[in-house]
Amino acid sequence: MSTNVRVRFAPSPTGFLHIGSLRTALFDYLIARTLGGKLILRIEDTDKKRQMEGAVEGLINILAWAGIKFDEGPGYLRAVDNDTQADINKDVGEFGPYIQSQRLGIYKEHSQALLKKGGAYRCFCSPARLEEMRAEQQAQKMPPRYDRACRDLSERQIAKKIADGEIFVLRQKMPLSGEIIAHDELRGDIKFAARDLEDQVLIKSDGMPTYQFASVVDDHLMEISHVLRGEEWISSFPKNILLYQGFGWRPPKFIHLTLTLNKAGGKLSKRQGDVAVEDFRAMGYLPEALLNFCVLQGWHPSASAKAPADKKDEILSLDQMIEYFDYQDMGTSSAIFEIEKLDYFNGYYIRQKSVEALTKLCLPFLGENLKLTKDSRKQSEDYIKKVIALEQERLKKLSAIGELTEFMFTDDLRYEPKLLVWKKLTLEQVKENLQTVFELLEKISATDWTRSSIETALIGYIEAKQMKAGDYLWPLRAALTGRQSSSGPFEVAEVLGKEESLKRINVAIKKI
Ligand code: GLU
């Protein structure tokens with residue numbers, strides 16, 4: 001396997017990680033791992049407007065939480081390895097700095113080299129002139145595009161403008177005719193007519209590079225072999241290829257990922273709700289579920305020759321993804337974001353957790369419930385663990401655990417007496433049945449208070465008397481939980497304990 005495979009994830013630190021970016025990072029990771037290469041984190045922060053304090057650290061933290069491990073990148077990567085002695089100012093890797101705002105000298109040097117080679121030119125057009133030009137183009141129903149007014153300025157004209165202190169940008173000099181063929185690993189050759197390409201800005205008037213310039217320079221200098229990015233970049237793809245040619249560099253392999261769309265077929269944006277991985281974490285989604293969800297947005301194990309033929313359930317651990325994934329099997333049709341599917345995966349991974357691990361994960365979501373009781377037993381770790389185990393099967397999101405288990409903590413269960421009524425029973429019959437249940441359960445000793453002894457006592461009675469199970473078990477379950485739906489009465493009674501269970505049955509009897 002080639003060791004020259006180097007894949008980069010190059011996010012802009014906007015203050016949160018979009019779920020679509022997590023998908024890109026995951027595919028970057030899978031390409032690097034499956035091809036025996038390295039994964040590099042590069043921060044694209046040259047757009048000052050979009051920057052936020054602490055955003056880089058936040059980005060690295062959430063990626064680490066999600067389980068994406070980088071081989072190279074900013075020194076802060078050391079901090080997430082729990083190494084408290086780590087020097088977070090020292091890059092991880094030899095190709096740094098990995099933060100673009102720390103590479104401005106590199107861009108300057110390369111832009112001057114490109115200027116000398118004739119691949120770029122200075123444009124002195126003022127924003128006002130460009131605005132006027134655009135308005136005119138719009139009026140004539142022409143595509144808005146720079147009219148190349150500065151493309152053929154003479155050396156003397158340029159020198160004079162610079163001497164006069166006129167500010168300028170650097171623009172890429174596109175060929176005027178012909179065809180550019182850009183090769184995408186999934187889509188094959190894509191042809192573009194040179195006449196459709198704008199002389200795009202490479203360096204802004206403040207000296208900052210645009211994405212188009214910085215990413216090409218960095219991908220080359222960081223010896224990136226595979227560039228995976230969203231399909232919104234296909235329109236600038238030929239310009240990137242021309243830039244590589246202008247420098248005399250060999251371009252990396254490009255893979256353009258399809259967009260993830262919402263169900264209505266539109267773009268997934270922050271405005272429509274939760275798209276930030278940070279939000280999903282806060283709602284109690286597990287990283288395993290998010291990664292499993294993301295990998296299916298653009299790839300499927302059924303396309304893999306390496307996945308077992310019966311791999312239809314779509315449940316994939318990160319190790320299985322690495323085993324089965326091949327970027328050449330990735331699809332090119334858009335993926336749809338189905339939250340129900342994410343919930344399904346989350347429920348699955350919650351069920352896979354040990355009770356200990358799940359309890360730890362649930363604790364931050366249980367705080368309010370613990371305040372509902374004065375009983376120290378109900379606040380003990382052992383009790384909490386049993387309560388979590390009771391709900392593990394039904395739990396879809398960690399954040400739901402509070403609501404789901406409230407009844408297990410409260411000292412004051414509130415519900416209407418009619419909740420206790422099963423089918424056609426009268427309240428009087430319910431009361432009698434609860435009294436019978438109370439007497440039967442009272443006979444079980446506290447040390448023998450288990451799910452099965454409770455079940456044996458009650459079912460034994462019901463069968464001997466040839467009664468209907470629901471006539472006793474519904475009122476009991478409702479009395480113990482105060483809820484329309486919950487786990488079964490035997491499990492709940494076991495966890496509540498004898499004293500609390502009898503107390504709740506008594507309260508129910510008195511309610512009638
Ligand atoms: N900074 C770009 C973005 O966040 C990266 C695109 C790329 O991977 O080249 O969209």
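Order of listing sets the numbers, starting from 1, for every ligand and every atom in it. Because only heavy atoms are used, hydrogens play no part in the values below, and waters and symmetry mates are left out as well, while side chains stay in.
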Please work out which of Trp233, Phe9, Tyr211, Phe254 has its closest non-hydrogen atom nearest to atom 9 (O) of ligand 1.
->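 Of the listed residues, Tyr211 has the closest heavy atom.
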State whether the side chain of Glu72 and the backbone N or O of Met222 hold a donor-acceptor pair below 3.5 Å, judged by distance alone.
->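 Between the backbone of Met222 and the side chain of Glu72 there is no qualifying donor-acceptor contact (under 3.5 Å).
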Between Phe293 and Phe337, does a ring-ring contact (aromatic ring centres under 6.0 Å, His included) hold up when you go through it step by step?
-> CA-CA 9 Å; Phe293 177 74; Phe337 188 93; 5.0 Å; yes
State, to 0.1 Å, how close Asp28 and Arg8 come at their nearest heavy-atom pair, and which atoms those are.
->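 Closest approach of Asp28 to Arg8: OD2-O, 3.3 Å.
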Got an N/O contact under 3.5 Å between [X] and ligand 1?
X	answer
Ser215	no
Arg229	no
Ala10	yes
Glu232	no

Against heavy atoms of Glu44, which atoms of ligand 1 measure under 4.0 Å?
->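 Close to Glu44: 1 (N), 2 (C), 5 (C).
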Sub-6.0 Å ring centroid separation between Trp233 and Phe254 =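 That pair fails the under 6.0 Å test.
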Side chain to side chain contact (heavy atoms under 4.5 Å, CB included) between Ile203 and Val169: does it pass, once the steps are laid out?
-> CA-CA 6 Å; Ile203 305 286; Val169 299; over 6 Å; no
